[in-house]
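Comments concern the structure below.
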Amino acid sequence: MVKNKHSRLKKSFYTQTDVVGIAQELLGKILVTHINGELTSGMIVETEAYRGSDDKACHAYPYKKTDRTKIMFAEGGVSYVYLCYGIHHLFNIITSVEGEAEAVLIRGIEPIDGIDSMLERRNLKEFTPRLTAGPGSLSQALGINRKWHNAISLVEENSVIWLEDRNISIPKENIIASRRVGIDFAEECALWNWRFRIKNNKWTSKGKGLGE
DNA sequence: GTGCGGATGAACT
DNA sequence: GTTCATCCGCACT
């Protein structure tokens, strides 16, 4: 190995205190998992920000610390994986400093490495956007499981999940901000444009309420 | 200990 | 457009 252009994101990236900004910066970054000897990765194309201090949609609002949410209060650079609707494992990245409950939900990736493994995990035969579009789908494709991958480090040398910067930058005009979905209970916070995705990317999820 | 509902996806009509 | 699978976390008792 002569050069390492696939550099892992460092802890200092995750400990930034602007979770909405981080959610946008994460677009174009590479999410990689190395699970059961299978390396799979994809470029992040869709994210959502959540904040425990004032965001009613966040599990940890208002600074609510429970067995489930306590990991969100940790220093940035760890995972938060939880089960939704009893079926779907949703993968979040914890950000900010210790004591603040901020997280970015990864909602869509564009597959890069280990596509065969992903197809197998999803029990699909064809390579279609269904493979990884949507938070539940991409977690399954990458082999992310709540039992094994909740509250693990994304920055340690031997971690099985990490993020890479492959020098892909997304121009601001290609980032679409829209309302988050599935959080109608969050009242006025449901209107916040904290969902970000890459314009014209077919690997973004097909969730309802896509306000263009 | 018990009951209820959810940051979804897939398969329907 | 609608329905439903399916189980943990949380708020009670």
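In the text below, chain A, chain B and the rest are named by the order of the sequence lines, each starting its count at 1. Heavy atoms only: backbone and side chains are in, while hydrogens, waters and symmetry mates are out. Because the structure is predicted, anything quoted here is derived from the model rather than measured.
- Pairing of B:dA7, defined by two Watson-Crick or G-U wobble distances under 3.5 Å, is not identified with any nucleotide.
- Taking a centre distance below 5.5 Å and an interplanar angle below 30 degrees as the stacking criterion, A:Tyr82 does not stack against the six-membered base ring of C:dG9.
- Ranking B:dA7, C:dA11, B:dA11 by closeness to the A:Met72 side chain, first place goes to B:dA7.
- Two residues are said to be in side-chain contact when any heavy atoms from C-beta on lie closer than 4.5 Å; A:Glu126 and A:Thr128 meet this criterion.
- Ion pairing between a basic and an acidic side chain is recognised when a charged N comes within 4.0 Å of a carboxylate O; A:Glu173 and A:Lys199 show no such pairing.
- OP1 or OP2 of B:dT8 lies within a sub-4.0 Å distance of a side-chain N or O belonging to A:Tyr85.
- Taking 4.0 angstrom as the limit, A:Lys64 places none of its side-chain polar atoms (N or O) nearer than this to OP1 or OP2 of C:dG9.
- Between the CG atom of A:Leu90 and the P atom of C:dC8 there is a distance of 15 Å, rounded to whole Å.
- In this structure, A:Phe127 has its ring center under 6.0 Å from that of A:Trp203.
- Partner of A:Glu48 under the salt bridge (Lys or Arg N to Asp or Glu O under 4.0 Å) criterion, chosen from A:Arg197, A:Arg107, A:Arg180, A:Arg179: A:Arg107.
- OP1 and OP2 of C:dG9 both lie 4.0 Å or more from every side-chain N or O belonging to A:Thr66.
- Across all strands shown, nothing is found opposite C:dT6 as a Watson-Crick or G-U wobble partner with both distances under 3.5 Å.
- When the side-chain nitrogen and oxygen atoms of A:His59 are compared with OP1 and OP2 of B:dA7, one or more of them lie within a distance under 4.0 Å.
- The side chain of A:Leu83 approaches C:dC7 more closely than any other nucleotide in the set B:dT8, C:dC7, C:dC10.
- For A:His88 and A:Arg146, each mapped to the nucleotide of DNA chain C holding its nearest heavy atom, the one lying further toward the 5' end belongs to A:His88.
- A:Phe91 has its CZ atom 17 Å from the P atom of B:dT8, to the nearest Å.
- Per the geometry, CZ belonging to A:Arg122 stands 9 Å off P belonging to B:dG9, to the nearest Å.
- Rounded to a whole Å, the NZ atom of A:Lys65 is 17 Å from the C1' atom of C:dC10.
- Each of B:dA11, B:dA7, C:dC10 was ranked by its minimum atom distance to the side chain of A:Thr69; first place goes to C:dC10.
- Put simply, CG on A:Leu124 is 11 Å from C1' on B:dA10, counting in whole angstrom units.
- Rounded to an integer number of Å, the gap from NE2 of A:His89 to P of B:dG9 is 13 Å.
- Side-chain proximity of A:Cys84 to B:dT8, C:dT6, B:dA11: nearest is B:dT8.
- In this structure, A:Lys147 reaches neither bases nor backbone, as no heavy-atom distance under 4.0 Å exists between it and the strands shown.
- Both A:Arg130 and A:Ile183 lie close to DNA chain B; mapped to their nearest nucleotides by heavy-atom distance, the more 5′-ward contact belongs to A:Ile183.
- Following rounding to the nearest Å, A:Lys70 (NZ) and C:dC10 (P) show an atom-to-atom distance of 10 Å.
- At a cut-off of 3.5 Å, with distance as the only test, a side-chain donor of A:Glu100 or A:Tyr63 sits close to an acceptor on the other residue.
- Distances from the side chain of A:Phe185 to the nucleotides B:dA7, C:dC10, B:dA10 place B:dA7 closest.
- The interatomic distance linking A:Arg68 (CZ) with B:dA7 (P) rounds to 7 Å, in whole Å.
- Comparing B:dT8, B:dA10, B:dA7 by their nearest atom to the side chain of A:Tyr80 picks out B:dA7.
- Within the nucleic acid shown, A:Leu105 comes within 4.0 Å of at least one base atom, counting heavy atoms only.
- Between the side chains of A:Arg195 and A:Ser205, a donor-acceptor pair is found at a separation under 3.5 Å.
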